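Remarks on the structure that follows.
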Amino acid sequence: MKKITIAIDGFSSCGKSTMAKDLAREIGYIYVDTGAMYRSVTLYALRHHLFNADGTVREQELRRQMEHIRISFCMNRETGRPDTYLNGESAIRTMEVSSHVSPVAALAFVREALVGQQQRMGAEKGIVMDGRDIGTVVFPHAELKVFVTASAEVRARRRYDELKAKGMEADFNEILRNVQERDYIDSHRATSPLRKADDAVELDNSNLTIAQQKQWLLAQYRRAAE
Ligand code: DC
């Protein structure tokens with residue numbers, strides 16, 4: 001099998017990360033969750049009061065402070081998967097971050113910095129990366145590109161269950177609104193909008209179990225790496 005680059009894109013909360021992490025572990029590849037990188041920048045902006053009262057970003061200040069933002073990955077022994085840290089802090093899957101991340105991810109200078117870091121991480125191949133623009137912008141020559149979809153209701157239910165399982169507060173309707181809002185912003189923004197690469201294989205996993213998705217993805221990998 002040759003060493004390849006695997007790009008997994010799709011809407012928020014459609015199970016991309018679970019699929020991507022499991023595949024990477026199974027085949028011994030590096031896994032990078034790029035959503036966590038955009039969330040890290042958002043957490044930094046929240047911690048440093050870089051949002052205006054109307055939810056817009058104080059762009060000039062964030063641009064100036066980008067060099068202080070250190071994103072790192074560290075293996076979580078319990079889950080066997082890497083966690084993402086912002087300057088040593090891991091707390092990026094909260095609703096507060098989810099509801100502020102879209103305007104941050106829409107900023108061209110933020111994307112430029114993170115895409116550069118992502119490309120450096122994948123320079124040697126042997127990587128599974130998930131996000132919105134991996135197959136279109138970060139690795140347009142990836143040997144395997146997957147575009148994952150699922151209905152907004154199914155995705156909101158998954159995120160609700162995930163938060164509840166962690167003992168966090170969750171309101172289904174608020175999550176559904178957030179999922180729909182982010183779908184809209186992610187696919188309509190001017191810089192790198194979410195879209196399926198022409199050569200990506202599409203997977204609608206609304207009615208698939210995690211085990212079924214895993215099998216499907218493994219088969220795609222074997223085909224692409226032959
Ligand atoms: O995958 P996620 O829900 O954790 O991503 C968080 C946000 O980051 C999402 O609203 C879109 C944005 N994002 C992006 O613009 N580009 C990526 N490659 C990954 C995520």
Side-chain angles (χ1 to χ4, degrees), residues 1-39 73-76 79-84 93 105 111 114-155 157-159 161-162 179 182-183 186-187 191-226:
M1 291 268 177
K2 60 178 193 256
K3 205 156 116 178
I4 64 168
T5 301
I6 303 174
I8 302 192
D9 288 304
F11 291 102
S12 65
S13 307
C14 62
K16 295 187 303 289
S17 304
T18 306
M19 287 174 73
K21 276 177 207 165
D22 286 352
L23 176 69
R25 192 165 40 173
E26 178 114 12
I27 65 177
Y29 274 26
I30 293 169
Y31 165 67
V32 177
D33 172 358
T34 63
M37 297 173 74
Y38 290 93
R39 287 170 180 274
F73 303 90
C74 185
M75 190 53 85
N76 179 325
T79 61
R81 294 164 174 176
D83 285 339
T84 310
R93 295 233 149 249
R111 302 202 71 84
L114 298 191
V115 167
Q117 194 177 341
Q118 290 152 12
Q119 288 171 333
R120 285 191 293 280
M121 289 190 282
E124 307 286 321
K125 301 198 178 199
I127 194 162
V128 183
M129 194 172 276
D130 78 50
R132 303 292 187 287
D133 59 342
I134 312 306
T136 51
V137 176
V138 183
F139 299 125
H141 304 298
E143 291 84 350
L144 174 59
K145 298 181 186 177
V146 176
F147 191 82
V148 193
T149 62
S151 74
E153 286 73 18
V154 165
R155 289 181 285 132
R157 171 64 54 192
R158 288 178 186 156
R159 183 146 282 186
D161 292 344
E162 194 180 293
V179 163
R182 281 200 294 148
D183 283 359
D186 289 348
S187 43
T191 323
S192 309
L194 170 65
R195 72 170 181 83
K196 176 179 167 294
D198 295 336
D199 52 350
V201 268
E202 190 165 339
L203 172 72
D204 181 338
N205 69 11
S206 301
N207 300 306
L208 294 184
T209 63
I210 290 181
Q212 287 170 325
Q213 290 177 61
K214 204 172 156 176
Q215 284 312 314
W216 181 89
L217 189 57
L218 206 52
Q220 295 295 326
Y221 157 72
R222 292 207 179 102
R223 186 189 47 74
E226 244 168 26

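Computed from a predicted structure; not experimentally measured. Below, all heavy atoms of this structure are taken into account, side chains as well, without hydrogens, waters or symmetry copies.
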Supply the atom-to-atom distance [X] [atom1] to [Y] [atom2], rounded to the nearest 0.5 angstrom.
X: Leu217; Y: Gln212; atom1: CG; atom2: CD; value: 13.5 Å
X: Leu144; Y: Arg222; atom1: CG; atom2: CZ; value: 13.0 Å
X: Thr84; Y: Asp33; atom1: OG1; atom2: CG; value: 5.0 Å
X: Tyr29; Y: Leu23; atom1: OH; atom2: CG; value: 8.5 Å
X: Thr136; Y: Arg195; atom1: OG1; atom2: CZ; value: 5.5 Å
X: Asn205; Y: Met19; atom1: CG; atom2: CE; value: 7.0 Å

Inset, instruction - For Ala150 and Ser206, work out which heavy atoms get closest and say how close. - result: CA-OG, 3.3 Å

Legend entry - Taking every non-hydrogen atom, the tightest pair across Gln118 and Phe139: O-CZ, 3.6 Å

Do [X] and [Y] have side chains that get closer than 4.5 Å, going by heavy atoms?
X: Val148; Y: Ile8; value: yes
X: Ile4; Y: Tyr221; value: yes
X: Thr5; Y: His141; value: no

Legend entry - Distance-only side-chain donor-acceptor flag, Gln117 / Arg120, under 3.5 Å: no

Legend entry - Test side-chain contact (heavy atoms from CB on, under 4.5 Å) applied to Glu26 - qualifying residues, sequence neighbours left out: Lys214, Leu218

Legend entry - Arg155, Arg159, Arg157 screened by side-chain hydrogen bond (donor to acceptor under 3.5 Å, both in side chains) with Ser13, the one that passes: Arg159

Side-chain polar contacts of residues 125-133 - donor-acceptor pairs under 3.5 angstrom, sequence neighbours left out - could you list them?
{"unit_1": "Lys125", "atom_1": "NZ", "unit_2": "Glu143", "atom_2": "OE2", "d": "2.4"}
{"unit_1": "Asp130", "atom_1": "OD2", "unit_2": "Ser17", "atom_2": "OG", "d": "3.4"}
{"unit_1": "Asp130", "atom_1": "OD2", "unit_2": "Tyr31", "atom_2": "OH", "d": "2.6"}
{"unit_1": "Arg132", "atom_1": "NE", "unit_2": "Gly10", "atom_2": "O", "d": "3.4"}
{"unit_1": "Arg132", "atom_1": "NE", "unit_2": "Asp186", "atom_2": "OD2", "d": "3.2"}
{"unit_1": "Asp133", "atom_1": "OD2", "unit_2": "Arg111", "atom_2": "NH2", "d": "2.9"}

Between the side chain of [X] and the main-chain N/O of [Y], is any donor-acceptor distance below 3.5 Å?
X: Asp9; Y: Leu194; value: no
X: Gln119; Y: Val138; value: yes
X: Lys145; Y: Gly135; value: yes

Legend entry - Test: Asp22 and Arg25 ion pair at under 4.0 Å: yes

